[in-house]
**Q** 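Have a look at this one.
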Amino acid sequence: MLERDPVPDSLRQRALTSIKRVAGDLVHLAWDATRELGAIGPDTRRGKRFGKLGRNSVICFPPNTLFNEQYIEIGSGSLFGPQVTLSAGMVPGQEMITNPVISVGDRCLIGKGSGIVGHLQITIGDDVWTGHHVYITDQNHGYENLDLPISQQVMPERPVSIGDGSWLGHGTVVLPGAVIGHHVVVGANSVVTGELPDNCVAAGVPAKVIKQL
């Protein structure tokens with residue numbers, strides 16, 4: 001323990017302590033009110049930008065990045081944690097060639113700090129839950145042209161799908177072309193690059209089936 005001088009038990013110190021406690025309570029009350037008022041639901045102005053935002057679905061405040069919401073459809077009763085990214089395309093206002101680009105089913109739970117970035121097609125079924133900081137995308141950077149920085153190279157988009165009732169652990173990355181079946185568990189910090197069959201447990205980089213249920 002760090003050694004500190006004892007706080008003097010004086011009338012002034014008691015008053016300061018009480019003021020700090022009240023101020024702290026007010027800060028928490030204000031933040032709770034901000035989170036509630038800033039949440040995005042189907043009846044909010046921001047929620048109506050989405051192609052679909054189903055009944056009782058909520059995107060918690062604060063979100064990280066939201067753009068081109070008209071290409072994103074979300075079912076009923078789904079919850080997106082704070083600091084999530086939901087984007088279709090690379091820049092706001094981009095016209096997409098498919099609609100919807102991102103489709104999320106009913107009763108899904110997408111963890112805090114997660115990102116779903118679609119360019120062609122990302123389909124997430126019903127009752128899919130994720131841990132925090134999960135990243136799902138259908139496009140990646142190319143690297144084979146040695147005359148261009150990697151940041152300026154892109155690879156062709158490949159659709160991604162995640163089946164009903166699956167669970168993606170904390171830090172999972174789902175890359176273009178991944179197909180995750182129904183009732184699949186993906187271990188924390190795994191990278192999914194290919195196909196995972198129904199009713200299995202998978203883990204690793206790249207993710208491989210370690211148990212068939």
**Q** Is there side-chain contact between V186 and V192, with heavy atoms separated by less than 4.5 Å?
**A**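 Yes. Closest side-chain heavy atoms under 4.5 Å.
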**Q** Should V191 and I180 be counted in the same cluster of Ile, Leu, Val, Met, Phe, Trp and Tyr side chains packed under 4.5 Å apart?
**A**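 In one cluster: no.
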**Q** Using 4.0 Å as the upper bound for N to carboxylate O, is an ion pair formed by E69 and K48?
**A**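 Not counted as a salt bridge, because no side-chain N and carboxylate O are separated by less than 4.0 Å.
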**Q** Locate the shortest heavy-atom distance separating V205 from N189; write the atom from each residue and the value.
**A**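 Of all heavy-atom pairs spanning V205 and N189, the closest is CG2-O, 3.8 Å.
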**Q** Out of curiosity, does V174 fall in the hydrophobic cluster containing V117 (side-chain heavy atoms, cut-off under 4.5 Å, transitive links)?
**A**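 No, V117 and V174 fall in different hydrophobic clusters.
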**Q** Would you say the side-chain atoms of S190 pair up with the backbone N or O of P206, donor to acceptor, closer than 3.5 Å?
**A**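 Not a single qualifying donor-acceptor pair exists.
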**Q** Rounded to the nearest 0.5 Å, how far does CG of L196 lie from CD1 of I162?
**A**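 The CD1 atom of I162 sits 10.0 Å away from the CG atom of L196.
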**Q** Nearest 0.5 Å, what's the OG1-CG distance between T130 and L168?
**A**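 The CG atom of L168 is 6.5 Å from OG1 of T130, to the nearest 0.5 Å.
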**Q** Side chain of T123, backbone of S103: donor and acceptor closer than 3.5 Å?
**A**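 Flag not set: sc T123 to bb S103 has no pair under 3.5 Å.
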**Q** Do the rings of H170 and H133 sit parallel, tilted or perpendicular, given the 30° and 60° boundaries?
**A**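 Perpendicular: the ring planes of H170 and H133 meet at over 60°.
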**Q** Would you say T98's side chain and V101's backbone share a donor-acceptor pair under 3.5 angstrom?
**A**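 Pair absent, no side-chain N/O of T98 close to backbone of V101.
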**Q** Taking atom CD1 of I40 and atom CZ of F80, what is their separation to the nearest 0.5 Å?
**A**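 Here the rounded value is 10.5 Å.
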**Q** Does W31 reach the side chain of E36, with side-chain heavy atoms less than 4.5 Å apart?
**A**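 Not touching, per the 4.5 Å side-chain cut-off.
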**Q** Is L29 atom CG crowded by more than 12 heavy atoms from other residues, nucleotides or ligands, each under 6.0 Å away?
**A**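 Above 12, so yes.
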**Q** So, T85 and N64: side-chain donor and acceptor under 3.5 Å apart, yes or no?
**A**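 Judged by distance alone, the side chains do pair up.
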**Q** Side-chain contact test, heavy atoms from C-beta onward, threshold under 4.5 Å: evaluate it for H183 versus D164 and give yes or no.
**A**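 A side-chain contact is absent here, since even the closest heavy-atom pair is not under 4.5 Å.
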**Q** Do side-chain atoms of S18 reach the backbone of R14 as a donor and acceptor pair under 3.5 angstrom?
**A**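 The answer is yes, because a donor-acceptor pair under 3.5 Å joins these two groups.
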**Q** Identify which one of N199, V185, V201 satisfies the side-chain contact (heavy atoms from CB on, under 4.5 Å) criterion when paired with K211.
**A**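 Exactly one pass, corresponding to V201.
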**Q** Is it possible for you to say whether W129 and L213 belong to one hydrophobic cluster, with membership spreading through side-chain heavy-atom contacts below 4.5 Å?
**A**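 In one cluster: yes.
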**Q** Nearest 0.5 Å, please: how far is OG in S114 from CD1 in I136?
**A**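 OG of S114 is found 7.5 Å from CD1 of I136.
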**Q** Honestly curious: do I110 and Y135 fall in one hydrophobic cluster under the side-chain, below-4.5 Å linking rule?
**A**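 Different clusters: I110 never reaches Y135 through Ile, Leu, Val, Met, Phe, Trp or Tyr contacts under 4.5 Å.
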**Q** Could you walk me through whether F50 and I59 satisfy the side-chain contact (heavy atoms from CB on, under 4.5 Å) test, starting with their C-alpha distance in whole Å, then the side-chain angles of each, then the deciding distance to 0.1 Å, before giving a yes or no?
**A** CA-CA 12 Å; F50 284 79; I59 299 169; 3.4 Å; yes
**Q** Mind listing the closest non-hydrogen atom pair of C108 and S78 along with its distance?
**A**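 Minimum heavy-atom separation between C108 and S78: N-OG, 2.9 Å.
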**Q** Is there a donor-acceptor pair closer than 3.5 Å between any side-chain N or O of S161 and the backbone N or O of V179?
**A**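 The answer is no, because no donor-acceptor pair under 3.5 Å joins these two groups.
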**Q** Tell me whether R46 contacts the main-chain N or O of G41 through its side chain, where contact means a donor paired with an acceptor under 3.5 Å.
**A**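 Here the side-chain-to-backbone pair does not exist.
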**Q** For T172 and G187, which heavy atoms make the closest approach, and how far apart are they?
**A**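 Closest heavy-atom pair between T172 and G187: OG1-O, 3.4 Å.
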**Q** Taking G165's backbone N and O only, do any of them form a donor-acceptor pair with D127's side chain (distance below 3.5 Å, no angle check)?
**A**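 Judged by distance alone, no pair lies under 3.5 Å.
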**Q** Carefully, step by step, assess T34 and F61 under the rule side-chain contact (heavy atoms from CB on, under 4.5 Å).
**A** CA-CA 8 Å; T34 299; F61 180 87; 3.5 Å; yes
**Q** Would you compute the distance between atom CG of D198 and atom CD of Q212 and round it to the nearest 0.5 angstrom?
**A**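 With rounding to 0.5 Å, CG (D198) is 8.5 Å from CD (Q212).
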**Q** Verify, without hydrogens or angle tests, whether Q94 (side chain) and M90 (backbone) share a donor-acceptor contact under 3.5 angstrom.
**A**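 Side chain of Q94 to backbone of M90: a pair is present.
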**Q** Determine whether a donor-acceptor pair (N or O, by modelled atom type, separation under 3.5 Å) exists between the side chain of D138 and the backbone of Q121.
**A**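 Checking the backbone N and O of Q121 against the side chain of D138, a donor-acceptor pair under 3.5 Å is found.
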**Q** Apply side-chain contact (heavy atoms from CB on, under 4.5 Å) to residues V173 and V134 and explain how you reach the verdict.
**A** CA-CA 6 Å; V173 176; V134 168; over 6 Å; no
**Q** Are the side chain of S57 and the backbone of G75 linked by a donor-acceptor contact shorter than 3.5 Å?
**A**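 Present.
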**Q** Taking atom CZ of R55 as the centre, report whether more than 12 heavy atoms of other residues, nucleotides or ligands fall under 6.0 Å from it.
**A**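 12 or below, so no.
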**Q** Minimum heavy-atom separation for I150 and H141, please, with both atom names.
**A**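 Looks like O-ND1, 3.4 Å.
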**Q** With rounding to the nearest 0.5 angstrom, report the CG to CG distance, D106 to D126.
**A**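 Result: 4.5 Å between the selected atoms.
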**Q** Would you say the side chain of Y71 lies within less than 4.5 Å of the side chain of P100, judging by non-hydrogen atoms?
**A**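 No - every pair of side-chain heavy atoms lies 4.5 Å or more apart.
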**Q** Restricting to non-hydrogen atoms, name the atom on H119 and the atom on M96 that form the minimum distance, rounded to 0.1 Å.
**A**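 So the minimum-distance heavy-atom pair works out to O-CE, 3.2 Å.
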**Q** Under 6.0 Å from the CH2 atom of W167, do we count more than 12 heavy atoms belonging to anything else shown?
**A**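 Counting neighbours around CH2 of W167, more than 12 heavy atoms of other residues, nucleotides or ligands fall under 6.0 Å, so yes.
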**Q** Quick one: closest heavy-atom pair of C60 and L79, and the distance?
**A**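 Answer, listing the atom of C60 first, then L79: SG-CD1, 3.6 Å.
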